[in-house]
Amino acid sequence: MSKKFLLISAILLTASFSHLSAAEQDTIPGTVFGVQSVKLDGYDSSFYGIFRVSNNGKYAVASDTSDSYAGILWERESNSITYVNNYTGEKANGVILNDVSNDGMMVGDYPAPTESSFCWQPGYKYPDKDWVELPLPENTNLKYPTDIDYCSQAIRVSSDGRVVLGEVYLYYTETKSHWEPMLWFLDEEGNVTGTQTFEDLEYGNQGFQGYDMSDDGSVIVGMMTSARGDMLPTVIQDGVMRWLDGPELTWNESENRWLEYDENGVMKEYYWEGMANCIDKDGNVYYYYSNGDGVQHNVVENIYTGEKREYDKIVSCGVGSLVLGMTVVASDRPIDMSALYSAINVSDDGTVIAGGGLGVESYGSYFNYPALIVLDESPIETSIKAMKLDGINISRNGNTISISGDFDRAEMFNATGMQVASSKGDIDLNSMTNGMYIIRVSKGNATNVYKILK
(Lines give C-alpha, C1' and ligand atoms only; values in the text may rest on other atoms or scores of the structure.)
Protein backbone atom coordinates (compact mmCIF):
# COMPACT_ATOMS: atom_id res chain seq x y z
CA MET A 1 0.00 0.00 0.00
CA SER A 2 1.42 3.38 -0.94
CA LYS A 3 2.09 6.20 1.49
CA LYS A 4 -0.15 8.55 -0.48
CA PHE A 5 -3.08 6.13 -0.18
CA LEU A 6 -2.56 5.87 3.58
CA LEU A 7 -2.71 9.66 3.96
CA ILE A 8 -5.87 9.93 1.89
CA SER A 9 -7.40 7.02 3.82
CA ALA A 10 -6.72 8.80 7.13
CA ILE A 11 -8.45 11.93 5.88
CA LEU A 12 -11.44 10.14 4.39
CA LEU A 13 -11.99 8.12 7.56
CA THR A 14 -13.06 11.35 9.24
CA ALA A 15 -15.91 11.69 6.74
CA SER A 16 -18.33 9.87 9.06
CA PHE A 17 -18.45 12.88 11.41
CA SER A 18 -21.51 15.11 11.60
CA HIS A 19 -20.90 18.86 11.66
CA LEU A 20 -21.46 20.95 14.77
CA SER A 21 -24.39 23.29 14.50
CA ALA A 22 -23.43 26.94 14.07
CA ALA A 23 -26.34 27.71 16.36
CA GLU A 24 -24.49 26.32 19.40
CA GLN A 25 -24.56 28.75 22.30
CA ASP A 26 -21.35 30.68 23.02
CA THR A 27 -19.72 29.48 19.80
CA ILE A 28 -16.25 30.96 19.30
CA PRO A 29 -16.21 32.85 15.98
CA GLY A 30 -13.38 32.40 13.52
CA THR A 31 -12.19 33.12 10.00
CA VAL A 32 -11.90 30.42 7.35
CA PHE A 33 -8.89 30.41 5.03
CA GLY A 34 -8.92 27.89 2.21
CA VAL A 35 -7.15 27.26 -1.08
CA GLN A 36 -9.40 25.52 -3.61
CA SER A 37 -7.51 26.24 -6.83
CA VAL A 38 -4.26 27.85 -7.93
CA LYS A 39 -3.04 29.47 -11.13
CA LEU A 40 0.71 29.15 -11.57
CA ASP A 41 2.93 29.11 -14.65
CA GLY A 42 1.77 26.08 -16.62
CA TYR A 43 -0.53 24.99 -13.78
CA ASP A 44 -4.28 25.49 -13.47
CA SER A 45 -5.99 22.94 -11.27
CA SER A 46 -7.81 22.26 -8.06
CA PHE A 47 -5.33 22.22 -5.18
CA TYR A 48 -5.30 18.93 -3.29
CA GLY A 49 -3.85 18.51 0.20
CA ILE A 50 -4.05 19.72 3.80
CA PHE A 51 -2.48 22.46 5.93
CA ARG A 52 0.05 21.94 8.74
CA VAL A 53 0.38 24.83 11.20
CA SER A 54 3.39 25.93 13.25
CA ASN A 55 3.14 25.56 17.02
CA ASN A 56 2.84 29.32 17.51
CA GLY A 57 0.17 29.63 14.81
CA LYS A 58 2.11 32.16 12.71
CA TYR A 59 2.66 29.93 9.65
CA ALA A 60 1.10 27.01 7.84
CA VAL A 61 2.25 24.97 4.84
CA ALA A 62 0.55 22.69 2.35
CA SER A 63 1.40 20.72 -0.75
CA ASP A 64 -0.62 19.59 -3.71
CA THR A 65 -0.83 15.83 -3.23
CA SER A 66 -1.68 15.17 -6.87
CA ASP A 67 1.15 14.73 -9.38
CA SER A 68 1.86 18.46 -9.60
CA TYR A 69 3.63 18.90 -6.22
CA ALA A 70 3.06 22.63 -5.80
CA GLY A 71 3.76 24.13 -2.35
CA ILE A 72 2.30 27.09 -0.46
CA LEU A 73 3.21 29.01 2.70
CA TRP A 74 0.50 30.82 4.69
CA GLU A 75 1.45 33.72 7.00
CA ARG A 76 -0.99 34.73 9.70
CA GLU A 77 0.12 38.36 10.00
CA SER A 78 -0.91 39.12 6.42
CA ASN A 79 -3.39 36.23 6.07
CA SER A 80 -1.85 35.52 2.68
CA ILE A 81 -0.10 32.71 0.82
CA THR A 82 3.20 32.50 -1.02
CA TYR A 83 3.87 29.87 -3.67
CA VAL A 84 7.06 27.95 -2.96
CA ASN A 85 9.00 26.82 -6.07
CA ASN A 86 6.16 27.30 -8.51
CA TYR A 87 5.21 24.33 -10.63
CA THR A 88 6.12 25.03 -14.26
CA GLY A 89 4.90 21.97 -16.10
CA GLU A 90 7.70 19.54 -15.23
CA LYS A 91 7.12 17.23 -12.28
CA ALA A 92 10.69 17.76 -11.08
CA ASN A 93 10.07 21.48 -10.57
CA GLY A 94 7.55 20.96 -7.78
CA VAL A 95 8.14 20.69 -4.04
CA ILE A 96 6.60 18.91 -1.10
CA LEU A 97 6.05 20.90 2.12
CA ASN A 98 5.18 18.86 5.20
CA ASP A 99 5.66 21.13 8.23
CA VAL A 100 6.88 24.56 9.38
CA SER A 101 8.62 25.88 12.51
CA ASN A 102 7.76 28.95 14.56
CA ASP A 103 10.12 31.14 12.49
CA GLY A 104 8.98 29.92 9.07
CA MET A 105 11.48 27.12 8.45
CA MET A 106 9.74 24.72 6.03
CA VAL A 107 10.63 21.01 5.84
CA GLY A 108 9.78 18.61 3.07
CA ASP A 109 11.28 17.38 -0.21
CA TYR A 110 12.70 19.10 -3.26
CA PRO A 111 13.91 17.64 -6.59
CA ALA A 112 17.68 17.17 -6.65
CA PRO A 113 18.99 16.56 -10.21
CA THR A 114 20.87 13.35 -11.07
CA GLU A 115 22.68 12.34 -14.25
CA SER A 116 19.61 10.66 -15.76
CA SER A 117 16.67 12.34 -14.01
CA PHE A 118 16.09 13.67 -10.48
CA CYS A 119 15.56 12.35 -6.97
CA TRP A 120 13.34 13.70 -4.21
CA GLN A 121 15.67 14.93 -1.47
CA PRO A 122 14.64 15.66 2.16
CA GLY A 123 15.56 19.18 3.18
CA TYR A 124 14.47 22.48 4.63
CA LYS A 125 14.22 26.07 3.44
CA TYR A 126 13.32 29.53 4.66
CA PRO A 127 11.28 31.98 2.58
CA ASP A 128 13.41 33.56 -0.18
CA LYS A 129 16.28 31.14 0.50
CA ASP A 130 17.48 27.97 -1.21
CA TRP A 131 16.79 24.45 -0.06
CA VAL A 132 19.30 22.89 2.35
CA GLU A 133 19.92 19.16 1.97
CA LEU A 134 19.49 16.80 4.91
CA PRO A 135 21.97 13.88 4.75
CA LEU A 136 20.70 10.32 4.29
CA PRO A 137 22.17 6.95 5.38
CA GLU A 138 24.34 5.14 2.84
CA ASN A 139 21.80 2.32 2.51
CA THR A 140 18.92 4.63 1.51
CA ASN A 141 16.92 2.88 -1.19
CA LEU A 142 17.03 4.84 -4.46
CA LYS A 143 15.60 2.08 -6.65
CA TYR A 144 12.60 4.29 -7.49
CA PRO A 145 14.07 7.77 -7.01
CA THR A 146 11.40 9.68 -8.94
CA ASP A 147 8.44 7.95 -7.24
CA ILE A 148 7.50 9.83 -4.07
CA ASP A 149 5.97 6.63 -2.63
CA TYR A 150 9.54 5.29 -2.31
CA CYS A 151 11.43 8.50 -1.55
CA SER A 152 12.65 9.56 1.88
CA GLN A 153 10.96 12.63 3.36
CA ALA A 154 11.39 15.28 6.03
CA ILE A 155 7.95 15.34 7.64
CA ARG A 156 8.04 17.26 10.96
CA VAL A 157 10.11 20.02 12.55
CA SER A 158 10.34 21.18 16.16
CA SER A 159 9.03 24.62 17.06
CA ASP A 160 12.58 26.07 17.17
CA GLY A 161 13.78 24.31 14.01
CA ARG A 162 16.45 22.33 15.84
CA VAL A 163 15.02 18.81 15.36
CA VAL A 164 13.61 17.36 12.12
CA LEU A 165 11.79 14.04 11.84
CA GLY A 166 11.97 12.11 8.59
CA GLU A 167 11.01 8.83 7.00
CA VAL A 168 13.82 7.03 5.18
CA TYR A 169 13.38 4.06 2.88
CA LEU A 170 16.35 1.83 3.73
CA TYR A 171 17.71 -1.07 1.70
CA TYR A 172 19.29 -4.08 3.46
CA THR A 173 19.21 -6.98 1.00
CA GLU A 174 17.65 -7.65 -2.38
CA THR A 175 14.50 -8.79 -0.58
CA LYS A 176 14.51 -6.59 2.52
CA SER A 177 13.82 -2.86 2.55
CA HIS A 178 11.40 -0.82 4.60
CA TRP A 179 10.52 2.56 6.09
CA GLU A 180 12.27 3.72 9.25
CA PRO A 181 12.18 6.99 11.19
CA MET A 182 15.22 9.28 11.29
CA LEU A 183 16.03 12.40 13.29
CA TRP A 184 18.30 15.25 12.24
CA PHE A 185 19.64 17.64 14.91
CA LEU A 186 20.53 21.19 13.82
CA ASP A 187 22.38 24.06 15.47
CA GLU A 188 21.31 27.72 15.47
CA GLU A 189 22.84 28.27 12.03
CA GLY A 190 20.96 25.32 10.54
CA ASN A 191 23.96 22.99 10.32
CA VAL A 192 23.29 19.30 10.93
CA THR A 193 25.18 18.40 14.12
CA GLY A 194 23.97 14.81 14.40
CA THR A 195 21.45 12.21 13.32
CA GLN A 196 19.62 9.33 14.93
CA THR A 197 18.33 6.21 13.20
CA PHE A 198 16.38 3.29 14.62
CA GLU A 199 17.59 0.39 12.51
CA ASP A 200 17.68 -2.03 15.47
CA LEU A 201 13.88 -2.08 15.82
CA GLU A 202 11.81 -4.83 14.19
CA TYR A 203 9.31 -3.02 11.96
CA GLY A 204 7.54 -5.87 10.25
CA ASN A 205 6.82 -5.74 6.53
CA GLN A 206 6.55 -2.18 5.12
CA GLY A 207 8.10 -0.71 8.24
CA PHE A 208 7.25 2.31 10.38
CA GLN A 209 5.71 5.50 9.03
CA GLY A 210 5.96 8.50 11.35
CA TYR A 211 3.30 11.19 11.49
CA ASP A 212 4.33 13.39 14.41
CA MET A 213 6.89 13.82 17.20
CA SER A 214 7.30 15.55 20.55
CA ASP A 215 9.05 18.90 20.30
CA ASP A 216 12.38 17.45 21.47
CA GLY A 217 12.18 14.39 19.20
CA SER A 218 12.19 11.91 22.09
CA VAL A 219 8.76 10.53 21.14
CA ILE A 220 7.71 9.60 17.60
CA VAL A 221 4.17 8.45 16.76
CA GLY A 222 2.84 6.82 13.64
CA MET A 223 2.01 3.41 12.27
CA MET A 224 3.75 0.05 11.90
CA THR A 225 2.74 -2.42 9.21
CA SER A 226 3.13 -6.06 10.21
CA ALA A 227 4.18 -8.77 7.78
CA ARG A 228 0.64 -10.09 7.48
CA GLY A 229 -0.80 -6.61 6.75
CA ASP A 230 -1.83 -5.25 10.16
CA MET A 231 -1.54 -1.46 10.50
CA LEU A 232 -0.91 -0.67 14.16
CA PRO A 233 -0.83 2.69 16.00
CA THR A 234 2.76 2.83 17.22
CA VAL A 235 4.94 5.00 19.44
CA ILE A 236 8.75 5.06 19.68
CA GLN A 237 9.67 6.54 23.05
CA ASP A 238 13.29 6.88 24.15
CA GLY A 239 14.27 4.48 21.36
CA VAL A 240 11.80 1.76 22.45
CA MET A 241 8.94 0.87 20.09
CA ARG A 242 5.51 -0.38 21.10
CA TRP A 243 2.08 -0.39 19.50
CA LEU A 244 -0.49 1.47 21.55
CA ASP A 245 -3.35 -0.95 20.94
CA GLY A 246 -3.87 -3.91 18.69
CA PRO A 247 -3.43 -7.68 18.53
CA GLU A 248 -1.13 -9.73 20.72
CA LEU A 249 1.43 -10.53 18.04
CA THR A 250 4.11 -13.19 18.49
CA TRP A 251 7.42 -13.18 16.65
CA ASN A 252 7.70 -16.35 14.54
CA GLU A 253 11.39 -17.15 14.05
CA SER A 254 10.88 -19.67 11.26
CA GLU A 255 8.73 -17.29 9.19
CA ASN A 256 10.67 -14.20 10.30
CA ARG A 257 7.54 -12.15 10.96
CA TRP A 258 4.93 -11.16 13.57
CA LEU A 259 1.82 -13.36 13.71
CA GLU A 260 -1.35 -13.59 15.82
CA TYR A 261 -2.67 -16.90 17.18
CA ASP A 262 -5.89 -17.94 18.91
CA GLU A 263 -6.07 -19.91 22.17
CA ASN A 264 -5.52 -23.14 20.22
CA GLY A 265 -2.35 -21.94 18.56
CA VAL A 266 -4.02 -21.42 15.17
CA MET A 267 -2.98 -18.32 13.22
CA LYS A 268 -5.78 -15.77 12.95
CA GLU A 269 -6.68 -14.59 9.47
CA TYR A 270 -8.24 -11.15 10.03
CA TYR A 271 -6.34 -7.85 10.05
CA TRP A 272 -6.12 -4.89 12.40
CA GLU A 273 -6.06 -1.30 11.18
CA GLY A 274 -5.11 1.95 12.87
CA MET A 275 -2.58 4.73 13.29
CA ALA A 276 -1.37 7.34 15.77
CA ASN A 277 -2.02 10.72 14.19
CA CYS A 278 -0.24 13.19 16.48
CA ILE A 279 1.19 14.00 19.90
CA ASP A 280 0.51 17.32 21.63
CA LYS A 281 2.73 19.43 23.87
CA ASP A 282 1.49 17.63 27.02
CA GLY A 283 2.29 14.12 25.75
CA ASN A 284 -1.23 13.14 24.68
CA VAL A 285 -1.23 10.78 21.67
CA TYR A 286 -4.31 10.79 19.42
CA TYR A 287 -4.95 7.50 17.65
CA TYR A 288 -7.54 5.03 16.41
CA TYR A 289 -7.62 1.32 15.71
CA SER A 290 -10.17 -1.26 14.58
CA ASN A 291 -9.88 -4.87 15.67
CA GLY A 292 -10.44 -7.97 13.62
CA ASP A 293 -14.18 -7.92 14.41
CA GLY A 294 -14.55 -4.48 12.86
CA VAL A 295 -14.99 -2.52 16.11
CA GLN A 296 -13.32 0.90 15.92
CA HIS A 297 -11.77 2.60 18.96
CA ASN A 298 -10.79 6.28 19.07
CA VAL A 299 -8.39 7.01 21.90
CA VAL A 300 -6.33 9.76 23.52
CA GLU A 301 -3.53 8.35 25.69
CA ASN A 302 -0.95 10.26 27.71
CA ILE A 303 2.41 8.55 27.26
CA TYR A 304 3.75 9.85 30.58
CA THR A 305 0.82 8.98 32.88
CA GLY A 306 -0.85 6.17 30.91
CA GLU A 307 -4.27 7.87 31.25
CA LYS A 308 -6.65 6.95 28.40
CA ARG A 309 -9.91 8.41 27.16
CA GLU A 310 -11.99 6.84 24.42
CA TYR A 311 -14.34 8.76 22.13
CA ASP A 312 -17.14 7.73 19.79
CA LYS A 313 -15.58 9.69 16.91
CA ILE A 314 -12.14 9.56 15.32
CA VAL A 315 -9.64 11.76 17.15
CA SER A 316 -6.85 13.27 15.08
CA CYS A 317 -5.20 15.99 17.21
CA GLY A 318 -5.75 18.41 20.04
CA VAL A 319 -4.25 20.56 22.78
CA GLY A 320 -5.33 21.35 26.33
CA SER A 321 -9.09 20.74 26.64
CA LEU A 322 -9.52 20.79 22.85
CA VAL A 323 -9.83 17.40 21.11
CA LEU A 324 -10.23 17.44 17.34
CA GLY A 325 -11.33 15.22 14.51
CA MET A 326 -13.51 16.33 11.64
CA THR A 327 -15.49 18.35 14.18
CA VAL A 328 -14.68 19.26 17.77
CA VAL A 329 -15.04 16.01 19.70
CA ALA A 330 -14.64 17.47 23.19
CA SER A 331 -14.12 21.08 24.20
CA ASP A 332 -15.04 23.38 27.06
CA ARG A 333 -16.47 25.80 24.50
CA PRO A 334 -18.10 25.00 21.13
CA ILE A 335 -16.44 25.98 17.86
CA ASP A 336 -18.14 26.19 14.49
CA MET A 337 -16.13 23.73 12.39
CA SER A 338 -18.60 23.47 9.51
CA ALA A 339 -16.12 24.95 7.01
CA LEU A 340 -13.35 22.44 7.84
CA TYR A 341 -13.73 18.91 6.55
CA SER A 342 -10.79 17.35 8.43
CA ALA A 343 -8.86 18.80 11.40
CA ILE A 344 -5.31 17.44 11.28
CA ASN A 345 -3.39 19.64 13.73
CA VAL A 346 -3.70 22.78 15.85
CA SER A 347 -1.47 25.53 17.22
CA ASP A 348 -0.43 25.35 20.87
CA ASP A 349 -2.88 28.07 21.91
CA GLY A 350 -5.76 26.45 20.02
CA THR A 351 -6.48 29.48 17.84
CA VAL A 352 -5.40 28.04 14.47
CA ILE A 353 -6.96 24.72 13.46
CA ALA A 354 -5.41 23.26 10.31
CA GLY A 355 -6.51 20.58 7.91
CA GLY A 356 -8.59 20.37 4.77
CA GLY A 357 -11.84 21.55 3.25
CA LEU A 358 -13.94 19.50 0.87
CA GLY A 359 -14.09 20.37 -2.83
CA VAL A 360 -15.85 18.84 -5.80
CA GLU A 361 -14.31 18.50 -9.25
CA SER A 362 -16.36 19.42 -12.32
CA TYR A 363 -16.82 15.73 -13.10
CA GLY A 364 -18.21 14.99 -9.65
CA SER A 365 -15.31 13.55 -7.62
CA TYR A 366 -14.37 14.88 -4.18
CA PHE A 367 -10.99 16.14 -3.00
CA ASN A 368 -9.44 17.72 0.10
CA TYR A 369 -7.95 21.19 -0.29
CA PRO A 370 -5.85 23.06 2.34
CA ALA A 371 -8.02 24.98 4.80
CA LEU A 372 -7.64 26.72 8.17
CA ILE A 373 -9.94 28.07 10.85
CA VAL A 374 -8.42 31.05 12.67
CA LEU A 375 -10.30 31.73 15.91
CA ASP A 376 -10.82 35.16 17.45
CA GLU A 377 -9.78 33.85 20.88
CA SER A 378 -8.22 30.75 22.39
CA PRO A 379 -10.69 28.14 23.65
CA ILE A 380 -8.04 26.74 26.04
CA GLU A 381 -6.39 29.89 27.40
CA THR A 382 -7.13 29.01 31.03
CA SER A 383 -5.78 25.48 30.64
CA ILE A 384 -2.52 26.71 29.12
CA LYS A 385 -1.87 29.22 31.89
CA ALA A 386 -2.63 26.63 34.56
CA MET A 387 0.02 24.29 33.16
CA LYS A 388 2.89 26.78 33.54
CA LEU A 389 5.08 27.20 36.64
CA ASP A 390 5.65 30.75 37.83
CA GLY A 391 8.71 31.95 39.75
CA ILE A 392 11.16 29.38 38.35
CA ASN A 393 14.68 30.72 37.80
CA ILE A 394 17.27 28.77 35.82
CA SER A 395 20.87 29.94 35.39
CA ARG A 396 24.17 28.52 34.21
CA ASN A 397 27.70 28.89 35.52
CA GLY A 398 30.10 26.91 33.38
CA ASN A 399 28.88 23.31 33.44
CA THR A 400 26.56 23.81 36.42
CA ILE A 401 22.84 24.44 35.90
CA SER A 402 21.16 26.04 38.93
CA ILE A 403 17.37 25.93 39.36
CA SER A 404 15.46 27.79 42.07
CA GLY A 405 11.82 28.37 42.89
CA ASP A 406 8.86 26.29 44.04
CA PHE A 407 9.06 22.95 42.22
CA ASP A 408 9.04 19.23 43.01
CA ARG A 409 11.66 17.88 40.61
CA ALA A 410 13.98 18.78 37.75
CA GLU A 411 14.86 16.16 35.14
CA MET A 412 17.29 16.36 32.24
CA PHE A 413 16.97 14.35 29.03
CA ASN A 414 19.35 13.92 26.11
CA ALA A 415 18.38 14.38 22.46
CA THR A 416 17.02 10.83 22.23
CA GLY A 417 14.70 11.34 25.22
CA MET A 418 16.72 9.32 27.75
CA GLN A 419 16.78 10.76 31.27
CA VAL A 420 20.39 11.53 32.23
CA ALA A 421 19.96 13.52 35.46
CA SER A 422 17.44 14.31 38.18
CA SER A 423 17.76 16.92 40.89
CA LYS A 424 15.98 19.38 43.18
CA GLY A 425 18.66 22.02 42.74
CA ASP A 426 21.84 21.98 40.65
CA ILE A 427 22.58 19.79 37.62
CA ASP A 428 26.19 18.98 36.77
CA LEU A 429 27.02 18.82 33.03
CA ASN A 430 30.65 17.77 33.37
CA SER A 431 29.99 14.09 32.69
CA MET A 432 27.63 14.80 29.79
CA THR A 433 28.62 14.54 26.14
CA ASN A 434 28.25 17.58 23.89
CA GLY A 435 24.81 18.09 22.39
CA MET A 436 21.32 19.36 23.07
CA TYR A 437 19.53 18.59 26.36
CA ILE A 438 16.02 19.14 27.69
CA ILE A 439 15.42 20.18 31.32
CA ARG A 440 11.88 19.58 32.59
CA VAL A 441 10.93 21.32 35.85
CA SER A 442 7.66 20.06 37.36
CA LYS A 443 5.28 20.60 40.26
CA GLY A 444 2.09 18.54 40.25
CA ASN A 445 0.67 18.63 36.72
CA ALA A 446 2.46 21.87 35.80
CA THR A 447 5.70 21.72 33.84
CA ASN A 448 8.27 24.13 32.38
CA VAL A 449 10.66 22.94 29.69
CA TYR A 450 14.06 24.45 28.88
CA LYS A 451 16.60 23.58 26.17
CA ILE A 452 20.37 23.86 26.67
CA LEU A 453 23.49 23.06 24.69
CA LYS A 454 26.69 21.67 26.18
Requested in this report: Specify the closest pair of heavy atoms between A354 and L372, including all atoms of both residues, with the distance to one decimal.
Outcome: CB-CD2, 3.4 Å

Query raised in the report: Which heavy atom of N345 sits nearest a heavy atom of V53, and at what distance?
Result: OD1-N, 3.0 Å

Query - Side chain S159, main chain N102, donor-acceptor under 3.5 Å - result: no

Report task. For the pair T234 (side chain) and M224 (backbone), establish whether a donor and an acceptor sit closer than 3.5 Å, ignoring hydrogens and angles. Result -> yes

Requested in this report: Answer whether the closest heavy-atom distance between the side chains of L324 and I353 falls below 4.5 Å.
Outcome: yes

Query raised in the report: Side chain of T197, backbone of E199: donor and acceptor closer than 3.5 Å?
Result: no

**Report entry** Exercise: identify the closest heavy-atom pair between D212 and I279
**Finding:** OD2-N, 3.1 Å

Requested in this report: Could you please spell out the steps behind the side-chain contact (heavy atoms from CB on, under 4.5 Å) verdict for K125 and V132?
Outcome: CA-CA 6 Å; K125 80 181 302 293; V132 178; over 6 Å; no

Query raised in the report: Is the backbone N or O of G306 less than 3.5 Å from a side-chain atom of N302, with the two atoms forming a donor-acceptor pair by type?
Result: no

Query - Whether N298 side chain and K313 backbone form a donor-acceptor pair below 3.5 Å - result: yes

Report task. Specify whether W131 and Y110 have parallel, tilted or perpendicular ring planes, treating 30° as the upper limit for parallel and 60° as the lower limit for perpendicular. Result -> parallel

Requested in this report: Report yes or no: does R76 contribute a side-chain atom to a donor-acceptor pair with the main-chain N or O of Y59 at less than 3.5 Å?
Outcome: no

Query raised in the report: What are the two closest heavy atoms between I335 and P379, and how far apart are they?
Result: CD1-CG, 4.0 Å

Report task. Return the minimal non-hydrogen interatomic distance between G325 and S316, and the atom names on each side. Result -> CA-OG, 3.4 Å

Requested in this report: Examine the side chains of D282 and Y304 and answer whether a donor and an acceptor come within less than 3.5 Å of each other.
Outcome: no

**Report entry** Heavy-atom check, side chain of D160 versus side chain of S101, under 4.5 Å
**Finding:** no

Query - Side chain to side chain, M182 and P137, heavy atoms closer than 4.5 Å - result: yes

Query raised in the report: Which value, rounded to the nearest 0.5 Å, describes the distance between L165 atom CG and Q196 atom CD?
Result: 10.5 Å

Query raised in the report: Can the ring centres of F47 and Y369 be said to be less than 6.0 Å apart?
Result: no

Query raised in the report: Going from CE on M213 to CD1 on I236, what distance comes out if it is rounded to the nearest 0.5 angstrom?
Result: 13.0 Å

Report task. Decide yes or no for I72 and L97: does some side-chain heavy atom of the first lie under 4.5 Å from some side-chain heavy atom of the second? Result -> no

Query raised in the report: Just by distance, do the side chain of S152 and the backbone of Y169 share a donor-acceptor pair under 3.5 Å?
Result: yes

Query raised in the report: Parallel under 30°, tilted from 30 to 60°, perpendicular over 60°: which one fits the rings of Y124 and Y126?
Result: perpendicular

Query raised in the report: With distance as the sole test, does R156 use its side chain to make a donor-acceptor pair with the main-chain N or O of Y211 at under 3.5 Å?
Result: yes

Query raised in the report: Should E377 and T351 count as side-chain neighbours, where that means a heavy-atom distance under 4.5 Å?
Result: no

Query raised in the report: If we only count heavy atoms from C-beta on, is the W184 to T193 side-chain gap below 4.5 Å?
Result: no

Query - Worked check of side-chain contact (heavy atoms from CB on, under 4.5 Å) between V61 and W74 - result: CA-CA 6 Å; V61 293; W74 171 80; over 6 Å; no

Query - side-chain contact (heavy atoms from CB on, under 4.5 Å) between I220 and F198, intermediate numbers included - result: CA-CA 11 Å; I220 303 170; F198 301 84; 3.9 Å; yes

Requested in this report: Could you tell me the separation between the CG atom of N98 and the CD atom of E167, rounded to the nearest 0.5 Å?
Outcome: 8.5 Å

Query raised in the report: Strictly under 6.0 Å, is that where the ring centroids of W179 and F208 end up?
Result: no

Query raised in the report: Taking D99 for the side chain and V157 for the main chain, is one N or O donor matched with an acceptor at less than 3.5 Å?
Result: yes

Report task. Kindly indicate whether the side chain of Q153, heavy atoms from C-beta on, has any atom under 4.5 Å from the side chain of P122. Result -> no

Query raised in the report: What do you reckon, is CZ of R242 surrounded by more than 12 foreign heavy atoms closer than 6.0 Å?
Result: yes

Report summary line: For G123 and A154, the nearest pair of non-hydrogen atoms, with its separation, is O-CB, 4.0 Å

Requested in this report: Measure the spacing between OG of S63 and CZ of F51 and express it to the nearest 0.5 Å.
Outcome: 10.0 Å

**Report entry** K308/E310 ion pair, N-O < 4.0 Å
**Finding:** no

Query raised in the report: Can you find a heavy atom in the side chain of H297 that is under 4.5 Å from one in the side chain of Y311?
Result: no

Query - CG on L322 to OG on S347, rounded to 0.5 Å - result: 9.0 Å

**Report entry** Distance in Å, S214 OG paired with K281 NZ, rounded so as to fall on 0.5 Å steps
**Finding:** 13.5 Å

**Report entry** Donor-acceptor contact present, side-chain S158 to main-chain V163, <3.5 Å
**Finding:** yes

Query raised in the report: Considering the options I373, I81, V352, which one meets the side chain to side chain contact (heavy atoms under 4.5 Å, CB included) requirement together with F33?
Result: I81

Report task. Under the side-chain contact (heavy atoms from CB on, under 4.5 Å) rule, what do L183 and T195 come out as? Steps first, then yes or no, please. Result -> CA-CA 5 Å; L183 295 173; T195 61; over 6 Å; no

**Report entry** Side-chain donor-acceptor contact under 3.5 Å, N284 with E301
**Finding:** no

